Amino acid sequence: MKTPNFLKISIIVLLTCTILAGCKKGSTPTATLNERIDASQSKPASNSGDFSNGPYGTVTGTARVFLTGGKYQLALEGFSTSNGPDLKVYISQEQNPVHFINLGSLKSTSGNQVYDIPSEANVKDYAYALIYCQQYHHLFGYTQLTF
């Protein structure tokens, strides 16, 4: 017995929707944060860049690298993103991460946040800050960092 075309198409659409919706489920905390860089102890190491949306999320706010007490930190300011199950903060050499450093899990979907950059990283090699769903390899948003 042949499967009707509409049934095949329905199955394909259902599977596609299930895969694409994977990062739409939220598991990142949503409480608004207000972390700040200590301005008396730091200086900007990059210009601030406005986030652009990736194909799988909505991200607003800015990112900037600061040098604080001899270590680099990434600050997300006025930040907001749609939620996802495994959102990470990356600095990356490319907009779609191939050569990147995972700075850790996104602390919250909104508010000001600060992430330490490992001391062995040459920050000037990393031109992008990304919000990335690691589990499903989905780019939620990105901004270019200029040094």
Side-chain angles (χ1 to χ4, degrees), residues 8-147:
K8 288 179 184 176
I9 292 170
S10 296
I11 291 169
I12 290 170
V13 168
L14 180 62
L15 288 173
T16 302
C17 289
T18 302
I19 290 168
L20 291 177
C23 265
K24 298 300 180 191
K25 296 176 183 156
S27 64
T28 302
T30 59
T32 301
L33 298 180
N34 194 21
E35 298 179 346
R36 298 275 182 189
I37 297 283
D38 183 352
S40 68
Q41 303 277 324
S42 65
K43 64 179 183 174
S46 75
N47 292 321
S48 62
D50 293 329
F51 275 96
S52 297
N53 296 330
Y56 295 98
T58 302
V59 181
T60 60
T62 62
R64 178 184 284 190
V65 174
F66 287 87
L67 181 58
T68 306
K71 69 178 181 179
Y72 288 100
Q73 295 179 301
L74 178 72
L76 307 181
E77 299 170 333
F79 179 80
S80 178
T81 185
S82 47
N83 210 331
D86 191 27
L87 297 183
K88 305 293 183 190
V89 179
Y90 290 176
I91 55 172
S92 178
Q93 294 180 8
E94 312 84 11
Q95 183 178 318
N96 290 308
V98 175
H99 304 95
F100 65 92
I101 297 173
N102 181 345
L103 301 183
S105 295
L106 186 67
K107 297 174 185 176
S108 177
T109 58
S110 65
N112 300 321
Q113 302 173 43
V114 178
Y115 297 86
D116 291 335
I117 297 173
S119 59
E120 63 274 6
N122 182 357
V123 295
K124 293 180 181 177
D125 289 343
Y126 297 89
Y128 294 91
L130 310 176
I131 306 303
Y132 196 79
C133 175
Q134 186 171 288
Q135 181 177 0
Y136 294 102
H137 306 285
H138 288 170
L139 178 63
F140 270 50
Y142 62 94
T143 185
Q144 191 161 10
L145 303 168
T146 54
F147 294 91

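Values below: every heavy atom of this structure, side chains too, minus hydrogens, waters and symmetry copies. Keep in mind it's a predicted model, so treat the numbers as computed, not measured.
Counting all heavy atoms, side chain and backbone alike, Val65 lies closest to Ser46 at N-OG, 2.9 Å. In this structure, Arg64 and Pro44 approach most closely via the heavy-atom pair NH1-CG, 3.7 Å. For the residue pair Tyr136 and His138, the shortest heavy atom distance occurs at O-CD2, 3.1 Å. Between Ser27 and Pro85, the shortest heavy-atom distance links the atoms OG-O, 2.5 Å. When all heavy atoms of Ala63 and Ala129 are compared, the closest pair comes out as CB-CB, 4.1 Å.
Put simply, the side chain of Tyr132 does not reach to within 4.5 Å of the side chain of Asn102, judged on heavy atoms. Proximity of Pro118 to Leu103: side-chain heavy atoms (C-beta onward) are separated by under 4.5 Å at one or more points. Using a 4.5 Å cut-off on side-chain heavy atoms (C-beta onward), Thr143 and Phe51 make contact. Ile131 places a side-chain heavy atom less than 4.5 Å from the side chain of Val89. Taking the side chain as every heavy atom from C-beta outward, Leu130 and Phe140 never approach each other to under 4.5 Å. With contacts defined as side-chain heavy-atom distances shorter than 4.5 Å, the pair Gln93/Val98 does not qualify. A heavy-atom distance below 4.5 Å is found between the side chains of Leu106 and Phe79. Contact of the Tyr126 side chain with the Leu145 side chain is not registered, since no non-hydrogen atoms from C-beta on lie closer than 4.5 Å.
At distances below 3.5 Å, at least one donor-acceptor pair connects side-chain atoms of Thr28 with backbone N or O atoms of Gly84. Here the side chain of Asn83 pairs no donor or acceptor atom with the backbone of Gly26 at under 3.5 angstrom. A side-chain donor-acceptor contact under 3.5 Å links Glu94 to the backbone of His99. Between the side chain of Ser42 and the main chain of Thr68, no donor-acceptor pair closer than 3.5 Å is present. Listed for the Asn53 side chain is a donor-acceptor partner under 3.5 Å among the backbone atoms of Val59.
The CZ atom of Phe66 lies 8.0 Å from the OG atom of Ser48; values are rounded to the nearest 0.5 Å. Between atom CD of residue Glu77 and atom CG of residue Asn34 there is a gap of 10.0 Å, rounded to the nearest 0.5 Å. Between atom CG of residue Leu87 and atom OG1 of residue Thr81 there is a gap of 6.0 Å, rounded to the nearest 0.5 Å. The distance from atom CD of Gln134 to atom OG of Ser105, rounded to the nearest 0.5 Å, is 8.0 Å. To the nearest 0.5 Å, atoms CD (Glu35) and OG (Ser108) are separated by 9.5 Å. If you take CG on Leu139 and CG on Asn96, they are separated by 5.5 Å, rounding to the nearest 0.5 Å.
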Subject >> Worked check of side-chain hydrogen bond (donor to acceptor under 3.5 Å, both in side chains) between Thr32 and Ser110 >> reply: CA-CA 5 Å; Thr32 301; Ser110 65; 3.0 Å; yes

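Taking the side chain to side chain donor-acceptor pair (under 3.5 Å) definition, one finds that Gln113 meets it with Tyr115, sequence neighbours left out.
Using a 3.5 Å distance cut-off with no hydrogens or angles, the side chains of Thr109 and Thr30 do not pair a donor with an acceptor.
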